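What follows is a single structure, written as structure tokens, with notes after it.
All values reported here derive from a predicted model rather than from experimental measurement. Just so you know, residue 1 is the first one in the sequence shown, and it goes up from there.
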Amino acid sequence: MTAGPATLDAPSARRRAGAGLRGIETVATADMERTERLALMRSGELGSVHSWELVTAVDGPGTRLTVFLNGCPLRCLYCHNPDTLAMKDGEPVLADELLARVGRYRGVFAATGGGLTLSGGEVLMQPAFAARVLRGAKELGVHTCLDTSGFLGANATDAMLADTDLVLLDIKAGDEETYRRTTGRSLAPTLRFGRRLAELGVKVWVRFVLVPGLTDDPRNVERVADHAAEIEAVRPGTVERVEVLPFHQMARDKWAELGRTYELAGTPPPTPAATEAVREVFRARGLTTY
């Protein structure tokens, strides 16, 4: 390889709106042959990375080193990280370079019960890179987590999932019509992936974003809760928790900066009472919910 990978800057002290700190230095890749770069990506040695940050109680248990990968097949109306949608917009980073950074925080992870979370974008757009990083993290003794919509769950091999301690599974809507309106895609692959995780014994935290006028219809909420309960029924103990996340406007400026039309610009956040009422729908199915 004739051009080096990007290096990772120090993380932000807290999460910024959207995907957080842009933590990857720009590097010159003009001397790298396209075929060479594609071969490295196919092998998982090289990935397209947007940023990383160190966060607590956000992307899994303990303090997490969260890495945001570029590329996503969904077009969620409320996307918090619209600058991660295109894989071409990321920076080239070697898996080994990323794992060296993971290794530096092993003491923090051990002290807090934390670890590595791969997010995006959609991490399963880069399954070879994700698999290599997860395998390396497990060899370092680090807890691993995937944050995914599950739409590309078929890209995750059983070997990759064996190296995954936890999946943050975003069930964005409960019925096909609302899911397609919200994401532009089909719900069915997410539900298949959820069942597969349970069959394989991978722990799951279900996430659901409550958006007034989009995902808050009681029938939709009931269906999301049903889906979570059905995953739990496959193997009791799989769904460790459900997180109902109130919609917010923190990504609106990012959409504007990218020249994208943000359809939810006038949508208010749900009230605390409405959010708590939705949480009770999940609790009624015996699911630990926050």
Side-chain angles (χ1 to χ4, degrees), residues 72-82 85 120 122 124 146-154 166-199 202-252 255 261-290:
C72 185
L74 274 59
R75 292 297 180 264
C76 298
L77 295 181
Y78 57 75
C79 180
H80 297 165
N81 302 332
L85 294 179
E122 171 51 64
L124 295 178
L146 289 181
D147 179 7
T148 176
S149 72
F151 179 75
L152 295 178
L166 175 67
V167 171
L168 308 181
L169 183 63
D170 299 315
I171 302 182
K172 298 172 185 293
D175 64 81
E176 187 67 30
E177 181 180 353
T178 305
Y179 196 93
R180 193 170 290 278
R181 180 186 169 205
T182 301
T183 71
R185 296 288 189 167
S186 172
L187 169 62
T190 294
L191 301 183
R192 285 196 297 270
F193 186 56
R195 290 191 294 270
R196 182 177 165 217
L197 292 172
E199 290 164 357
V202 181
K203 298 299 183 182
V204 174
W205 290 8
V206 170
R207 286 177 156 181
F208 170 60
V209 180
L210 182 63
V211 186
L214 182 64
T215 66
D216 65 340
D217 183 275
R219 291 169 297 181
N220 180 63
V221 171
E222 293 277 351
R223 290 302 297 137
V224 176
D226 287 342
H227 295 320
E230 288 161 6
I231 294 170
E232 172 68 6
V234 173
R235 185 189 294 263
T238 293
V239 180
E240 292 189 328
R241 65 194 289 177
V242 175
E243 296 181 339
V244 177
L245 307 175
F247 167 77
H248 57 69
Q249 289 285 353
M250 291 175 64
R252 181 170 55 185
W255 282 69
T261 300
Y262 188 50
E263 294 184 24
L264 302 181
T267 301
T271 65
T275 303
E276 190 60 24
V278 167
R279 290 177 177 139
E280 287 298 332
V281 174
F282 288 89
R283 291 177 184 138
R285 287 159 174 77
L287 300 166
T288 300
T289 306
Y290 296 89

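- Closest approach of V167 and F193 over heavy atoms only: CG1-CE2, 4.3 Å.
- D175 contributes no side-chain N or O that, together with a main-chain N or O of N220, makes up a donor-acceptor pair within less than 3.5 Å.
- Using a 4.5 Å heavy-atom cutoff, the side chains of L210 and P246 are not in contact.
- Salt-bridge formation is detected for the pair E276/R279: a Lys NZ or Arg NE/NH1/NH2 atom is positioned less than 4.0 Å from an Asp or Glu carboxylate oxygen.
- Between E199 and R196, no side-chain nitrogen of the basic residue sits less than 4.0 Å from a carboxylate oxygen of the acidic one, so the salt-bridge criterion is not met.
- When all heavy atoms are compared, the tightest approach of R283 to T289 is NH2-O, 3.0 Å.
- Checking side-chain atoms of W255 against main-chain N and O of C79 turns up a donor-acceptor pair under 3.5 Å.
- Every residue two or more places apart in sequence or in another chain that forms a side chain to side chain contact (heavy atoms under 4.5 Å, CB included) with R180 is listed here: E176, S186.
- Between the side chain of Q249 and the main chain of T267, a donor-acceptor pair closer than 3.5 Å is present.
- Between R285 and E222 there is a salt bridge, since a side-chain N of the basic residue sits under 4.0 Å from a carboxylate O of the acidic one.
- Counting heavy atoms from C-beta outward, T182 and V211 have side chains that stay 4.5 Å or more apart.
- Side-chain contact between K172 and V209 is absent, with no heavy-atom pair separated by less than 4.5 Å.
- Here the CZ-CG distance, from F151 to L187, works out to 10.5 Å after rounding to the nearest 0.5 Å.
- Between atom CG of residue L74 and atom CG of residue L152 there is a gap of 8.0 Å, rounded to the nearest 0.5 Å.
- Taking OG1 of T238 as the reference point, atom CZ of R195 lies at 13.0 Å (rounded to 0.5 Å).
- Between T215 and F247 there is no side-chain heavy-atom pair separated by less than 4.5 Å.
- With sequence neighbours excluded, the residues forming a salt bridge (Lys or Arg N to Asp or Glu O under 4.0 Å) with R241 are E243, listed by chain and number.
- The CG atom of L169 lies 13.5 Å from the CH2 atom of W205; values are rounded to the nearest 0.5 Å.
- Here the closest non-hydrogen pair linking L77 and L214 is CD1-CD1, 4.1 Å.
- When all heavy atoms of E122 and P73 are compared, the pair lying nearest together is CB-CD, 3.8 Å.
- Shortest non-hydrogen contact noted between C76 and T183 is SG-CG2, 3.7 Å.
- Distance CG/L168 to OG/S149: 12.0 Å, rounded to 0.5 Å.
- Remark: A273 pairs with T271 by the side chain to side chain contact (heavy atoms under 4.5 Å, CB included) rule, at least two apart or across chains.
- Distance CG/D170 to CG/D147: 5.0 Å, rounded to 0.5 Å.
- With H80 contributing its side chain and M250 its backbone, the two residues share no donor-acceptor pair below 3.5 Å.
- Looking only at side-chain heavy atoms (C-beta outward), E240 and T288 stay at 4.5 Å or farther from each other.
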* **From CA spacing to verdict: side chain to side chain contact (heavy atoms under 4.5 Å, CB included), I171, Y179** => CA-CA 9 Å; I171 302 182; Y179 196 93; 5.5 Å; no

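- Shortest non-hydrogen contact noted between N81 and G120 is ND2-O, 2.8 Å.
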